Amino acid sequence: MPLLLPKRIKYRKAFRGKRRGNAKGGSRLAFGAYGLKALENGWVTAAQIEACRVAVSRSLARGGKVWLRLFPDKPVTAHGQEKPMGAGKGLVDHWVAVVKRGRVLFEVDGIPELLARQTFRVAASKLPIRTRMITRKEEG
């Protein structure tokens with residue numbers, strides 16, 4: 001499966017923005033019984049999301065359902081190594097999802113808690129931010 005990216009966008013290039021504050025929404029479980037929640041702010045690239053999705057799918061081995069709760073909709077630009085300063089903004093290099101503290105990144109259901117914990121440990125190792133597993137009874 002190819003990496004995630006938007007079908008169409010309003011502007012080709014975006015400002016970098018601020019990476020601070022808490023998540024405005026998406027901080028509670030909506031679909032599954034267990035979730036992986038971000039503990040810090042950062043950018044998660046499309047490649048990292050895909051690596052997590054593959055790791056979670058493999059670890060579940062056809063027994064359970066996975067929900068992705070983030071999407072890379074921010075373009076990140078880059079210049080070549082030998083470009084001089086003042087040559088304008090570079091071309092779009094890759095796509096990232098802006099993740100704020102408290103955001104639920106992945107959810108799973110239909111598996112025991114121990115397997116969910118192991119699955120999220122593998123997924124968390126693929127991410128550049130600290131995370132923790134949450135359950136329905138913790139929220140309730």
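The shown structure was predicted, so the numbers you read here are calculated from the model rather than taken from an experiment.
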Discussion item. Surrounding NZ of Lys24 (heavy atoms of other residues, nucleotides or ligands, distance under 6.0 Å), is the total greater than 12?
Written reply: no
Worksheet item: Sequence neighbours excluded, which residues qualify as side-chain contact (heavy atoms from CB on, under 4.5 Å) partners of Leu39?
Response: Arg130, Arg132
Item to complete: Can you see which heavy atom on Gly102 is nearest to which on Ala23, and at what distance?
Response: C-CB, 4.2 Å
Worksheet entry | Residue from Leu70, Ile134, Thr131, Leu36 passing side chain to side chain contact (heavy atoms under 4.5 Å, CB included) with Val104 | Ile134
Worksheet item: Where is the tightest heavy-atom contact between Ile129 and Ala38, given as atom of each residue plus distance?
Response: CD1-CB, 3.8 Å
Discussion item. Quick one: does any side-chain atom of Glu107 pair with a main-chain N or O of Leu29 as donor and acceptor, under 3.5 Å?
Written reply: no
Worksheet item: Do Trp95 and Leu68 share a hydrophobic cluster, counting only Ile, Leu, Val, Met, Phe, Trp and Tyr and linking them when any side-chain heavy atoms are less than 4.5 Å apart?
Response: no
Fill in: Chi angles and distances behind the side chain to side chain contact (heavy atoms under 4.5 Å, CB included) call for Lys100, Asn41
CA-CA 4 Å; Lys100 298 285 181 93; Asn41 303 332; 3.9 Å; yes
Worksheet item: Of the non-hydrogen atoms in Ile111 and Gly63, which two are nearest, and what is the gap between them?
Response: CG2-O, 2.7 Å
Worksheet item: Side-chain heavy atoms under 4.5 angstrom apart, residues restricted to Ile, Leu, Val, Met, Phe, Trp, Tyr: same cluster for Val96 and Ile49?
Response: no
Response to the item:
In this structure, CD of Gln48 is separated from SG of Cys52 (nearest 0.5 Å) by 7.5 Å
Worksheet entry | Path from Val44 to Val54 over hydrophobic side-chain contacts below 4.5 Å | no
Worksheet item: When rounded to the nearest 0.5 angstrom, what distance separates CZ in Arg28 from CZ in Arg136?
Response: 9.0 Å
Discussion item. Could you measure the distance from the OG1 atom of Thr77 to the NE2 atom of His94? Nearest 0.5 Å is fine.
Written reply: 9.0 Å
Practice prompt. Give a yes or no answer on whether the side chain of Lys37 reaches the backbone of Ser27 with a donor-acceptor pair at less than 3.5 Å.
Written response: yes
Fill in: Closest contact, heavy atoms only, Ser59 versus Leu115
O-CD1, 4.0 Å
Item to complete: Please answer whether the main-chain N or O of Val76 pairs with a side-chain N or O of Arg16 as donor and acceptor at a distance below 3.5 Å.
Response: no
Practice prompt. Would you name the heavy atoms of Asp93 and Ala78 that are closest together and state the gap between them?
Written response: CB-CB, 3.7 Å
Worksheet item: Are Leu5 and Val92 joined in one hydrophobic group, where the rule is that I, L, V, M, F, W and Y side chains link up if heavy atoms are under 4.5 Å apart?
Response: yes
Worksheet item: Are the side chain of Lys83 and the backbone of Gly88 linked by a donor-acceptor contact shorter than 3.5 Å?
Response: no
Fill in: Candidate pair Leu127 and Val99, rule side chain to side chain contact (heavy atoms under 4.5 Å, CB included), full reasoning
CA-CA 11 Å; Leu127 293 170; Val99 174; over 6 Å; no
Discussion item. Does Arg58, at its CZ atom, have more than 12 non-hydrogen atoms belonging to other residues, nucleotides or ligands within less than 6.0 Å?
Written reply: no
Item to complete: Report yes or no: does Arg69 contribute a side-chain atom to a donor-acceptor pair with the main-chain N or O of Phe31 at less than 3.5 Å?
Response: no
Worksheet entry | Audit row: Val98, Trp43, side chain to side chain contact (heavy atoms under 4.5 Å, CB included) steps and yes/no | CA-CA 5 Å; Val98 178; Trp43 286 352; 3.9 Å; yes
Item to complete: State plainly whether one hydrophobic cluster holds both Val56 and Trp67, where clusters connect Ile, Leu, Val, Met, Phe, Trp and Tyr through side-chain heavy atoms under 4.5 angstrom apart.
Response: no
Practice prompt. Start with the C-alpha gap between Asp109 and Tyr34, add the side-chain angles, then the distance that decides, and say whether side chain to side chain contact (heavy atoms under 4.5 Å, CB included) holds.
Written response: CA-CA 6 Å; Asp109 204 358; Tyr34 309 105; 5.6 Å; no
Worksheet item: Side chains of Arg53 and Ser57: closer than 4.5 Å at any heavy-atom pair?
Response: yes
Item to complete: Specify the closest pair of heavy atoms between Ala55 and Lys126, including all atoms of both residues, with the distance to one decimal.
Response: CB-CE, 4.0 Å
